[in-house]
**Student:** 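Mind looking over this structure? Questions follow.
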Amino acid sequence: MFTGQFYNHQVAKSTTITVLVVEAGLLLQVPAAEEGVVQPVYWLFTDMQTDLADRSFIRITHRGADAGTLEVSDPAFVKTFLQYYKPSRITRLEQLVVRGGLKWSLGIVLGMIALLLVGNFVVLPWCAGIAAERLPHSFDRQLGEMARSSNPEPVDTAASALLTAFARQIQWDTGDTLTFVVSRRDIENAYALPGGYIVVYTGLLKKLKTPEQLAALLSHEVAHVTRRHSIRALCSNMSSMLLINLIFSGGGTLTGQLFSNAASLNSLRYSRKYEEQADLTGLATLRENHINQQGMLALMEVLQQLDHQHHIPEFISTHPLTDHRVRYVRQQIAEHPATATQHPVMATLFQQLKEACH
Amino acid sequence: MEQQYSPSGTVAGTPSLSFKGSGSSYFGILIMNMLLSMVTLGFYYPWARAARLRFLYSSTEMEGSRFAWNGTGKEMFIGFLKALGILVVIALLVGLFAWMKVPFLGLLVYLAAIVFVVPVAIHGANRYHWSRTTWRGIRFGYRGNRNEFVKLFIKEMLLTIVTLGFYGSWMFMNIRNYVVGNIRFGSGEFFYEGDGWEYFKMNLKGYLLTIITLGIYGFWWQADVFRYNIEHMRLLHGDKVFNFRSTASGGAFAGLLILNMLLLIFTLGIGYAWVQTRTIKFLMENVEIEGNIALDELAQTEEEYKNATGEDLADMLDLSII
């Protein structure tokens with residue numbers, strides 16, 4: 001038995017009445033027209049509309065013949081009433097939150113954050129992958145050319161010819177036409193543009209000691225090209241924009257968006273995942289060409305030394321050189337032992353290249 | 001709470017207004033609204049608005065009974081579509097005239113739209129809004145006449161334009177006198193007696209002092225405006241009356257608004273729900289009602305009105321009605 005305020009919708013008179021929650025409805029002791037007489041009125045759950053402001057106040061409005069409103073400010077009543085009045089009848093979603101209290105609200109906030117995170121880190125990259133797959137290979141080449149012309153490198157023609165001859169000794173498993181270029185700059189770095197334009201700076205060439213190291217470096221860079229890492233990275237960098245594009249224009253302006261980002265290609269940072277993939281693909285290239293896989297490890301030692309020399313290593317930022325990287329390369333070599341043969345032509349070309357760089 | 005009747009039937013009435021809504025409940029509603037609006041790409045908006053209003057009204061108490069908002073998302077969605085249709089037609093006409101190289105006609109349509117759509121929206125919004133507001137099951141209502149109001153609005157608007165805005169205070173007061181004067185609370189009738197000259201003087205003083213004091217007087221100006229809004233309103237029922245008084249001082253406004261700002265900044269906006277509930281609580285607590293109306297005797301006189309087109313138009317055009 002609870003008490004509440006009853007309004008008869010005729011006048012704004014507030015009458016205190018007793019109310020009982022029963023099966024399928026409420027039993028109210030409503031005052032009759034005559035003074036002092038009380039008559040029981042039965043309200044069905046199906047004929048009422050509820051308004052829950054918080055967990056201690058509920059308004060129940062009854063439509064139909066004997067319209068009226070009951071207001072109860074009693075948490076105990078609200079609780080009892082809601083037990084009988086099934087949640088499925090609460091058609092207003094926000095009343096669920098009011099019933100649940102702050103915990104529910106915070107839960108929803110967390111849910112929203114989770115939704116955004118999932119969208120950002122799962123759905124968007126997935127869409128970006130699909131978008132990258134759909135782009136034709138000719139697009140890689142165009143993009144690479146744009147990047148080249150927007151950021152021209154001082155090309156050392158003689159050294160580039162030697163590097164190209166060196167690279168020709170290796171069987172590349174790709175449909176792209178690869179171009180190898182030596183740039184005369186004192187930067188200890190190398191990069192690959194989509195479509196197969198690979199640049200090695202003399203600054204890095206000077207640090208390399210064996211032809212195997214150079215072969216490892218080239219196979220790593222070529223792997224970025226064949227695996228289309230630039231396109232993928234670009235797509236995922238701009239994935240939110242791409243998603244909107246895909247939805248609203250069917251991908252029409254997609255290529256345009258990518259082109260406008262071509263200028264940033266040679267400073268593009270790959271994720272560790274892509275670096276690892278390039279390392280492993282590079283190792284496979286070395287194996288297939290019977291080049292000593294240890295060249296990759298030797299290359300990493302050179303890179304690590306560079307890392308120690310410079311306090312703000314430029315190289316490390318684009319190619320994360322962690323112990324982890326050395327470890328999986330070592331493990332991969334152990335798992336896939338391969339015979340290595342001597343490559344006298346490569347050795348000679350390497351020697352000439354070293355001399356040309358000085 | 002029962003009122004005390006004296007044998008002659010007069011009531012020593014000082015009904016209290018208070019706001020019982022908790023910030024955390026309101027927060028839950030706002031969050032749910034946000035989530036659903038996000039998921040439905042914004043289509044949930046009318047339902048979100050209904051949920052918000054329902055909570056705010058249900059949390060406001062007068063004399064032991066809560067107010068109620070009976071508007072539904074469905075009504076407001078239909079109204080929203082109609083309002084959108086009206087705005088689209090206007091935009092299309094303006095675009096069509098621009099395309100036909102007669103932008104002058106387009107401008108004319110645009111001006112006519114402002115002059116007619118705004119008052120029609122205010123009228124419709126008031127009809128819907130008050131009809132969907134109840135207290136103890138008794139509906140509020142708006143009895144204004146649309147044509148009369150449009151005429152009044154256009155006249156006041158023209159005078160304001162001709163006087164380069166100086167007439168603004170008078171326009172504002174005359175419109176408010178008309179609108180509030182047509183609001184009914186069951187059989188009770190509201191009145192508003194605003195005076196353009198007084199309102200102008202008050203705002204001029206507030207404006208100048210706020211500049212001189214580098215903004216500090218702004219809080220006192222705010223308190224003056226609030227007092228003006230409240231104290232020129234009356235509720236009449238037969239020969240009985242309720243007067244409204246504001247007890248909010250400039251200092252109290254300063255405390256409220258500064259703390260609100262800090263709350264918003266330090267919670268990175270999450271405290272918005274609490275800021276709003278605090279503000280409403282403050283305003284309700286600072287309104288005093290005094291008079292001899294017996295609230296129990298207010299009778300159901302106003303009809304139900306479920307067309308929310310005006311309400312939605314007013315919302316879209318960002319016109320505040322109360």
Side-chain angles (χ1 to χ4, degrees), chain A residues 3-16 49-63 66-73 75 78 90-116 119 244 247-248, chain B residues 1-3 19-36 38-39 44 47-48 50-52 54-70 72-73 134-139 185-188 237 270 273 293-301:
Chain A
T3 54
Q5 301 305 120
F6 175 81
Y7 315 115
N8 64 6
H9 289 193
Q10 307 296 316
V11 288
K13 187 166 168 52
S14 169
T15 318
T16 306
Q49 204 182 354
T50 61
D51 185 359
L52 187 66
D54 51 58
R55 278 190 284 185
S56 60
F57 175 82
I58 192 163
R59 172 185 298 115
I60 298 157
T61 307
H62 188 251
R63 304 270 167 218
D66 42 11
T69 297
L70 173 73
E71 288 181 1
V72 186
S73 305
V78 173
I90 296 189
T91 47
R92 288 171 190 150
L93 286 162
E94 85 273 3
Q95 298 206 345
L96 289 173
V97 201
V98 172
R99 283 179 69 176
L102 195 59
K103 260 190 236 158
W104 266 68
S105 315
L106 292 176
I108 289 176
V109 173
L110 288 179
M112 262 162 70
I113 292 171
L115 213 69
L116 285 174
I244 293 164
I247 295 170
F248 293 107
Chain B
M1 265 169 266
E2 292 287 305
Q3 284 183 328
F19 185 74
K20 305 275 184 187
S22 79
S24 56
S25 292
Y26 190 48
F27 177 70
I29 285 165
L30 291 185
I31 278 297
M32 194 70 174
N33 282 348
M34 216 167 116
L35 176 73
L36 290 170
M38 214 165 93
V39 170
Y44 187 70
W47 284 270
R52 208 162 51 83
R54 203 178 297 125
F55 173 82
L56 292 177
Y57 278 68
S58 281
S59 303
T60 308
E61 196 176 282
M62 179 170 75
E63 203 58 17
S65 297
R66 312 270 188 123
F67 284 89
W69 169 257
N70 302 293
T72 65
T134 58
W135 181 79
R136 292 189 179 173
I138 300 299
R139 276 186 291 279
F185 179 11
S187 48
H237 191 229
I270 295 170
I293 290 181
L295 286 169
D296 283 22
E297 293 168 3
L298 291 175
Q300 189 82 286
T301 55

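Here is how names work: the chains are called A, B, and so on, in the same order as the sequence lines, proteins then strands, and each is numbered from 1.
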**Student:** Side chain from CB out, backbone as N, CA, C, O: work out which of these in B:S65 comes under 4.5 Å of a heavy atom of chain A, or both, or neither.
**Tutor:**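 Its backbone and side chain both get close to chain A.
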**Student:** Would a distance-only check, ignoring hydrogens and angles, find a side-chain to backbone donor-acceptor pair under 3.5 Å from B:Q300 to B:G137?
**Tutor:**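 Yes, B:Q300 side chain to B:G137 backbone: donor-acceptor pair under 3.5 Å.
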**Student:** If you count heavy-atom pairs within less than 4.5 Å of chain A, which of B:Y26, B:F55, B:W47 leads?
**Tutor:**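 The option with the most such pairs is B:F55.
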**Student:** May I ask you to establish whether B:R66 and A:F57 are in a cation-pi arrangement, using a distance under 6.0 Å from NZ or CZ to the six-membered ring centre and at most 45° from the ring axis?
**Tutor:**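 The answer is yes; both the distance and angle limits are met.
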**Student:** Can you say whether A:E71 sits under 4.5 Å from chain B via the side chain, the backbone, both, or neither, judging by heavy atoms?
**Tutor:**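 When you check distances to chain B, only side chain atoms of A:E71 fall under 4.5 Å.
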**Student:** For each of B:G21, B:A68, B:A50, tally heavy-atom pairs with chain A at distances under 4.5 Å, and name the one with the top tally.
**Tutor:**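 It is B:A68.
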**Student:** For A:R59 and B:S58, which heavy atoms make the closest approach, and how far apart are they?
**Tutor:**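 The answer is NH1-OG, 3.0 Å.
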**Student:** So if I apply the side-chain hydrogen bond (donor to acceptor under 3.5 Å, both in side chains) rule between A:T69 and each of A:H62, A:Q5, A:H9, A:Q49, which one comes out positive?
**Tutor:**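 Among A:H62, A:Q5, A:H9, A:Q49, the one meeting side-chain hydrogen bond (donor to acceptor under 3.5 Å, both in side chains) with A:T69 is A:H9.
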